[in-house]
Undergrad: 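Take this structure, written in structure tokens, and hold onto it; I'll ask about it next.
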Amino acid sequence: MTAAPTPRPPPESVADLITRARALAGRSVSELAADLGARVPPDQRRAKGFVGQLLERALGATAGSSDRPDFEALGVELKTIPVDGTGRPRESTFVCTIPMSEIAEVDWEQSRVYRKLAHVLFVPIESAPDLPLGARRIGGPVEWRPDEAQERDLRADWDELAGLVGRGDVESVTAHLGRYLQVRPKAAHSRIRGRAPEAEGGWLETVPRGFYLRATFTEAILRAALAPSMIT
DNA sequence: GATTGATCATAC
DNA sequence: GTATGATCAATC
């Protein structure tokens with residue numbers, strides 16, 4: 001029960017990272033917080049990123065608030081994902097903000113979405129409205145790289161959505177668009193403005209937006225990991 | 001009950 | 001203000 005924060009060295013390999021993540025499976029948020037010398041926030045409405053940041057520390061993530069992968073040397077991104085009792089994601093998954101003012105000059109392979117989703121370690125977190133933050137348990141990690149079909153679908157979504165923003169139709173982009181990827185506001189509050197292209201060639205001040213993965217998509221990823229051999 | 005649009009915490 | 005980490009809560 002040491003209270004001093006213990007700096008974790010970064011994992012030396014993907015296998016090392018997964019081994020560490022597996023060692024956390026079954027443990028509760030309060031147990032992990034105690035190990036790291038962190039206090040579990042008393043009001044979970046004000047603790048939205050707490051578990052994700054706790055896992056970063058526990059696993060030795062290096063990127064901090066930079067736009068690099070969480071595990072820079074491995075090129076792996078860490079995502080915690082809240083799941084219900086059946087393992088179904090309870091929320092969409094934030095991917096990245098949209099660089100609206102320059103999105104027209106970016107193609108898929110250069111995009112933040114492509115880079116962020118190239119290699120992800122998902123860590124499910126048991127979650128329910130009536131389950132206190134500290135009592136939530138950490139699940140087994142799921143390493144994921146998009147397969148051919150998944151990348152094709154994500155790219156199609158990105159082409160459509162980024163295309164709309166890039167050609168000045170940002171105001172017509174709602175969260176209804178996109179099969180697996182969607183665009184939603186991403187800001188501290190709705191009065192924040194960013195700059196997006198206007199169809200007429202000028203600039204429009206509008207709320208900053210981000211790309212999110214729909215829960216149907218992450219559900220398929222988690223489900224596939226639980227049924228590794230559906231061939232035959 | 002699922003989904004969309006809005007919001008919260010922290011570091012720099 | 002930027003980025004990171006996300007979930008909340010009003011609405012469909």
Side-chain angles (χ1 to χ4, degrees), chain A residues 5 7 10 21 29 32-33 36-72 76-86 88-102 112-113 115-117 120-136 138-139 157 161 165 170-196 205-220:
Chain A
V29 168
L32 186 56
L36 294 172
R39 309 297 179 271
V40 178
D43 182 358
Q44 62 187 46
R45 290 175 304 177
R46 297 188 170 186
K48 294 182 183 179
F50 176 76
V51 177
Q53 292 172 351
L54 198 64
L55 267 290
E56 286 185 345
R57 288 175 53 187
L59 295 173
T62 52
S65 63
S66 74
D67 66 349
R68 317 285 301 278
D70 292 301
F71 302 96
E72 296 179 75
V76 174
E77 180 73 16
L78 175 68
K79 288 290 183 191
T80 57
I81 183 166
V83 297
D84 66 18
T86 70
R88 174 170 304 208
R90 298 192 65 251
E91 290 285 351
S92 56
T93 297
F94 173 69
V95 180
C96 59
T97 53
I98 305 176
M100 298 186 291
S101 62
E102 42 194 87
R112 294 180 182 181
V113 175
R115 284 181 283 144
K116 282 268 184 183
L117 298 183
V120 181
L121 190 70
F122 288 101
V123 178
I125 306 294
E126 175 189 28
S127 179
D130 61 346
L131 187 62
L133 187 56
R136 298 179 181 189
I138 297 156
D157 283 343
L161 298 168
V165 174
V170 64
E171 299 293 57
S172 72
V173 177
T174 77
H176 297 279
L177 299 179
R179 182 179 181 183
Y180 295 133
L181 204 58
Q182 64 178 171
V183 170
R184 307 222 305 277
K186 167 60 175 177
H189 52 80
S190 57
R191 290 184 173 182
I192 291 179
R193 302 286 91 159
R195 173 175 290 201
E205 303 292 324
T206 187
V207 64
R209 289 162 168 86
F211 284 113
Y212 294 76
L213 293 176
R214 294 185 184 279
T216 51
F217 187 74
T218 50
E219 180 185 359

Undergrad: So A/R68, base contact, sugar-phosphate only, or nothing? Heavy-atom distance under 4.0 Å.
TA: nothing
Undergrad: What's A/T93 touching, base or sugar-phosphate or nothing? Going by heavy atoms closer than 4.0 Å.
TA: nothing
Undergrad: Starting from the 5' end of DNA chain C, give me the residue, A/R136 or A/E56, whose nearest nucleotide shows up first.
TA: A/E56
Undergrad: Have A/R112 and A/T97 got a donor and an acceptor in their side chains that come within less than 3.5 Å?
TA: yes
Undergrad: Identify, between A/R90 and A/R191, the residue whose nearest nucleotide on DNA chain B lies closer to the 5' end.
TA: A/R90
Undergrad: Could you tell me the boundaries of the chain A footprint on DNA chain C, defined by atoms under 4.0 Å from its heavy atoms?
TA: C/dA3 to C/dA9
Undergrad: Report the residue (A/R88 or A/S190) whose heavy-atom-nearest nucleotide on DNA chain B is the more 5′ of the two.
TA: A/R88
Undergrad: Any idea which heavy atoms bring A/L133 and A/A47 closest together, and the distance?
TA: CD2-CB, 3.8 Å
Undergrad: By the salt bridge (Lys or Arg N to Asp or Glu O under 4.0 Å) test, which pairs, at least two apart or in different chains, include something from residues 207-220 of chain A?
TA: A/R88-A/E219, A/E171-A/R209
Undergrad: If you fit an axis to the five pairs at each end of the helix from B/dG1-C/dC12 to B/dC12-C/dG1, how big is the angle between those two axes, to 10 degrees?
TA: 30°
Undergrad: Using a 4.0 Å heavy-atom cut-off, does A/R214 contact any base of the nucleic acid, only the sugar-phosphate backbone, or nothing at all?
TA: sugar-phosphate
Undergrad: With 3.5 Å as the limit, what N/O pairs link the protein to nucleotides 8-12 of chain B?
TA:
unit_1: B/dA9; atom_1: OP1; unit_2: A/R46; atom_2: NE; d: 3.3

Undergrad: Between B/dT3 atom P and A/L181 atom CG, what is the distance in whole Å?
TA: 16 Å
Undergrad: Given 3.5 Å as the limit, does a donor-acceptor pair link the side chain of A/Q182 with the main chain of A/A175, or not?
TA: yes
Undergrad: Restricting to side-chain hydrogen bond (donor to acceptor under 3.5 Å, both in side chains), what partner residues turn up for A/S172, sequence neighbours left out?
TA: none
Undergrad: Give, for atom CD1 of A/I98 and atom CG of A/L161, the distance between the pair rounded to the nearest 0.5 Å.
TA: 7.5 Å
Undergrad: Looking across every strand, which nucleic acid part, if any, lies under 4.0 Å from A/P41 by heavy atom: base, sugar-phosphate, or nothing?
TA: nothing
Undergrad: Once salt bridge (Lys or Arg N to Asp or Glu O under 4.0 Å) is applied, what residue pairs with a partner in residues 91-100 of chain A remain, sequence neighbours excluded?
TA: none
Undergrad: Do A/Q44 and A/R46 pair up side chain to side chain, a donor and an acceptor below 3.5 Å, judged on atom types alone?
TA: no
Undergrad: Are any non-hydrogen side-chain atoms of A/V29 and A/F50 less than 4.5 angstrom apart?
TA: yes
Undergrad: Please state how far atom CZ in A/R209 lies from atom C1' in B/dT7, giving the value in whole angstrom units.
TA: 15 Å
Undergrad: Taking side chain as C-beta onward, heavy atoms only, is A/V123 less than 4.5 Å from A/I81?
TA: no
Undergrad: Going by distance alone, is a donor N or O of one side chain under 3.5 Å from an acceptor N or O of the other, for A/R184 and A/T174?
TA: no
Undergrad: Under 4.0 Å, counting only non-hydrogen atoms across every strand here, what does A/S92 touch: a base, just sugar-phosphate, or nothing?
TA: base
Undergrad: By nearest heavy atom, map A/I192 and A/S127 onto DNA chain C; which one lands nearer the 5' end?
TA: A/I192
